[in-house]
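Shown next, in structure tokens, is the structure this report addresses.
Note on naming: letters A, B, ... go to the chains in the order of the sequence lines (proteins, then strands), and numbering restarts at 1 for each one.
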Protein chains: 2
Amino acid sequence: MNQTKRYLDIVRDIRDMIRQEKIKPGDRIPSERELAETMQVGRSTLREALRSLELLGLIETRRGEGTFLSDHRNHTLVEVLSTFVLQDNQSHKDVWETRLLHEVAAIQTICQNEAASQMKVWDSFRLHLKHDSFQREDFVRELMVLSGNRLSLKIWFLLKQYSGNPYDGTVTSDEIEHMNHILTAIEQQDAETAVREFRAWDEWLQKERIRNGNDS
Amino acid sequence: MNQTKRYLDIVRDIRDMIRQEKIKPGDRIPSERELAETMQVGRSTLREALRSLELLGLIETRRGEGTFLSDHRNHTLVEVLSTFVLQDNQSHKDVWETRLLHEVAAIQTICQNEAASQMKVWDSFRLHLKHDSFQREDFVRELMVLSGNRLSLKIWFLLKQYSGNPYDGTVTSDEIEHMNHILTAIEQQDAETAVREFRAWDEWLQKERIRNGNDS
DNA sequence: AGAATATGAGTGGTCAGACCACTTTCAAAA
DNA sequence: TTTTGAAAGTGGTCTGACCACTCATATTCT
């Protein structure tokens with residue numbers, strides 16, 4: 001009768017339980033034997049659901065202690081995915097484009113918001129640009145955060161990892177000009193220019209990445 | 001001694017096996033009992049590894065038949081998103097905005113592509129608009145498909161469901177004008193206008209929805 | 001009394017064996 | 001030749017049993 005996979009139901013049930021019981025990250029969830037009994041399923045079936053949740057980084061299990069709601073998002077998911085999935089070029093392209101799509105949207109949102117576009121964060125970035133080494137990812141992440149859309153931020157975070165962390169590393173001297181253009185345009189709330197400059201940077205980054213050889 | 005999770009080892013072993021045996025997408029992999037024996041692990045332990053792989057969309061299991069390498073090997077990411085991005089109470093607003101974000105990007109992509117923007121699909125839509133009843137969703141879905149980004153399409157599909165299927169129902173006479181404007185702009189490859197018109201329609205739709213009472 | 005130790009309950013990790021429901025295959029019966 | 005059905009093989013589930021580990025408690029030793 002019930003065609004849906006059992007363990008997926010359990011995944012949903014556990015999620016609902018967490019929500020109802022108001023269990024917070026770091027908290028312990030009931031033991032496997034307990035859960036199995038209340039949900040009327042065998043322990044091995046329940047464990048299949050738990051393994052799924054664990055692989056996604058949602059829970060953390062410690063032998064002898066228990067199972068806990070994870071507080072830091074685990075990255076094992078991405079490792080597994082990257083080793084298996086990304087073979088054909090279309091996937092790569094889709095992921096890259098979709099990530100870029102979210103970034104562009106974030107920039108547009110920021111430019112439309114006077115408060116966000118005039119943030120003092122940008123000044124601090126400017127300082128870093130001159131003096132210290134500068135992590136690319138910090139810049140883009142800040143854009144995503146300031147856009148105010150948390151869902152978009154999370155999707156972006158996943159896509160970033162999924163496309164092999166394209167922002168790893170620090171900015172080179174070649175990139176500083178790009179960054180400055182982008183920052184200026186944002187401060188002037190000139191969305192069109194900001195997006196164009198960002199796209200140029202992205203394109204440059206992609207070529208750079210290919211030049212240095214990209215991992216599978 | 002062995003601190004690493006057993007089932008993760010198995011995941012790796014399975015991956016290696018697939019590589020060595022040159023199993024291709026769609027092919028069948030050895031049965032659970034067989035795998036368990038050759039890998040010297042219990043069947044339930046092996047199954048925990050398989051469930052993880054299945055949740056990621058890497059394999060596909062069919063009762064009575066066997067386990068197969070998934071042939072649509074990309075975009076499993078989306079299922080992942082559904083389970084852990086949307087677990088906490090994301091505001092309705094974020095979901096709506098993110099969906100809109102993908103739709104707007106799709107329109108822009110289509111407008112930049114001469115072939116897509118001149119598709120005969122639009123003519124057929126025009127005809128429907130005049131005569132038959134017209135499903136809102138058909139229109140938007142077509143946009144997403146024609147954008148060519150399959151990942152974006154799947155994310156959109158999910159977001160649509162999570163925002164309570166905002167496109168349910170047929171277009172009313174009030175909306176026909178909106179649709180016509182959008183179609184015209186697309187055919188003229190005028191992205192700016194197309195997006196503006198689409199946003200206007202979206203806004204109208206949102207208000208309409210609130211007026212009629214929306215489910216969570 | 002205080003510190004070191006031993007114990008036991010509880011937990012996740014693993015395994016073996018047993019059914020069940022289902023699909024495929026192929027030989028026997030029509 | 002076609003139909004039928006029995007058997008083998010598959011994933012799905014459950015049970016009960018150990019193991020390894022952690023932690024709180026009680027016990028013993030100094």
Side-chain angles (χ1 to χ4, degrees), chain A residues 1-15 17-18 21 23 25-72 74 76 80, chain B residues 1-15 17-18 21 23-72 76 79:
Chain A
M1 307 302 111
N2 198 357
Q3 277 294 18
T4 66
K5 304 276 180 181
R6 197 81 141 86
Y7 79 99
L8 284 181
D9 291 341
I10 300 177
V11 166
R12 184 169 40 75
D13 288 346
I14 293 177
R15 206 185 52 192
M17 181 209 68
I18 289 173
E21 307 284 349
I23 302 175
D27 288 355
R28 191 170 156 279
I29 70 178
S31 74
E32 296 181 350
R33 292 170 177 82
E34 216 170 316
L35 283 174
E37 196 179 3
T38 65
M39 294 187 179
Q40 293 285 299
V41 295
R43 197 180 148 213
S44 41
T45 304
L46 181 103
R47 276 179 62 82
E48 293 186 10
L50 288 180
R51 285 299 74 70
S52 301
L53 291 173
E54 188 182 17
L55 192 77
L56 295 179
L58 286 182
I59 61 173
E60 198 175 314
T61 58
R62 290 181 226 134
R63 165 185 269 175
E65 296 183 60
T67 306
F68 303 82
L69 251 195
S70 181
D71 41 1
H72 50 72
N74 213 351
T76 56
V80 177
Chain B
M1 304 300 111
N2 199 358
Q3 277 293 18
T4 66
K5 304 277 180 180
R6 198 79 141 84
Y7 79 99
L8 284 182
D9 291 340
I10 299 177
V11 166
R12 186 170 39 74
D13 288 346
I14 293 178
R15 192 193 59 197
M17 181 209 67
I18 288 173
E21 307 284 349
I23 301 175
K24 295 184 178 178
D27 286 356
R28 190 171 156 277
I29 69 178
S31 74
E32 296 181 352
R33 291 168 178 83
E34 217 171 316
L35 283 175
E37 195 178 4
T38 64
M39 294 186 180
Q40 292 286 300
V41 296
R43 195 179 149 215
S44 38
T45 304
L46 181 102
R47 276 180 62 83
E48 293 187 10
L50 289 181
R51 285 298 76 69
S52 301
L53 292 175
E54 188 184 15
L55 189 79
L56 297 178
L58 303 178
I59 62 173
E60 198 175 313
T61 57
R62 297 199 277 269
R63 168 186 267 174
E65 296 183 61
T67 306
F68 303 82
L69 252 196
S70 185
D71 41 2
H72 61 288
T76 60
E79 277 73 21

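- At least one side-chain nitrogen or oxygen of Arg47(A) sits closer than 4.0 Å to the OP1 or OP2 atom of dG13(C).
- Contact annotation: Ser31(B) side-chain N/O to dT10(D) OP1/OP2 distance is under 4.0 Å.
- Of the candidate nucleotides dT13(D), dA21(C), dC21(D), dT13(D) has the atom lying nearest to any side-chain atom of Glu48(A).
- A straight line from CG of Leu46(A) to P of dT11(C) spans 13 Å, rounded to a whole angstrom.
- Paired with Thr67(A) under the rule side-chain contact (heavy atoms from CB on, under 4.5 Å), one option of Leu35(A), Leu53(A), Ile29(A) passes, and it is Ile29(A).
- Between Arg51(B) and the phosphate of dG12(D), there is a side-chain N or O to OP1/OP2 separation shorter than 4.0 Å.
- Contact annotation for Glu37(B): no contact, since no heavy-atom pair falls under 4.0 Å across all strands.
- Distances from the side chain of Arg43(A) to the nucleotides dC15(C), dT10(D), dG13(C) place dG13(C) closest.
- Applying the 4.0 Å criterion to OP1 and OP2 of dG12(D), one finds that Thr61(B) has a side-chain N or O inside that range.
- When each of Ser44(B) and Pro30(B) is assigned the nucleotide of DNA chain D with its nearest heavy atom, Pro30(B) is the one assigned upstream, toward the 5' end.
- With salt bridges taken as basic N to acidic carboxylate O contacts below 4.0 Å, one links Arg51(A) and Glu54(A).
- Rounded to whole Å, atom P of dT14(C) lies 7 Å from atom CD1 of Ile10(B).
- If you measure from atom CD of Glu65(A) to atom P of dC21(D), you get 13 Å, rounded to the nearest angstrom.
- As judged by a 4.0 angstrom heavy-atom cut-off over every strand, Gly42(B) is placed among residues touching the sugar-phosphate backbone only.
- The distance from atom CD of Glu60(A) to atom C1' of dT11(C) is 15 Å, rounded to the nearest whole Å.
- What separates CD1 of Ile59(B) from C1' of dT10(D) is a distance of 14 Å, to the nearest Å.
- Here the closest heavy-atom approach between residue Ile23(B) and residue Arg28(B) is recorded as CG2-O, 4.2 Å.
- At the phosphate of dC15(C), OP1 or OP2 sits under 4.0 Å from a side-chain N or O atom of Thr45(B).
- Thr67(A) has a side-chain polar atom (N or O) that falls below the 4.0 Å cut-off from OP1 or OP2 of dG12(C).
- Taking 4.0 angstrom as the limit, Arg28(B) places a side-chain polar atom (N or O) nearer than this to OP1 or OP2 of dT10(D).
- Taking the side chain of Arg33(B) as heavy atoms from C-beta on, and the options dC14(D), dG12(D), dC23(D), the nearest nucleotide is dG12(D).
- For the atom pair Ser44(A) OG and Leu50(A) CG, the distance stands at 11.5 Å (nearest 0.5 Å).
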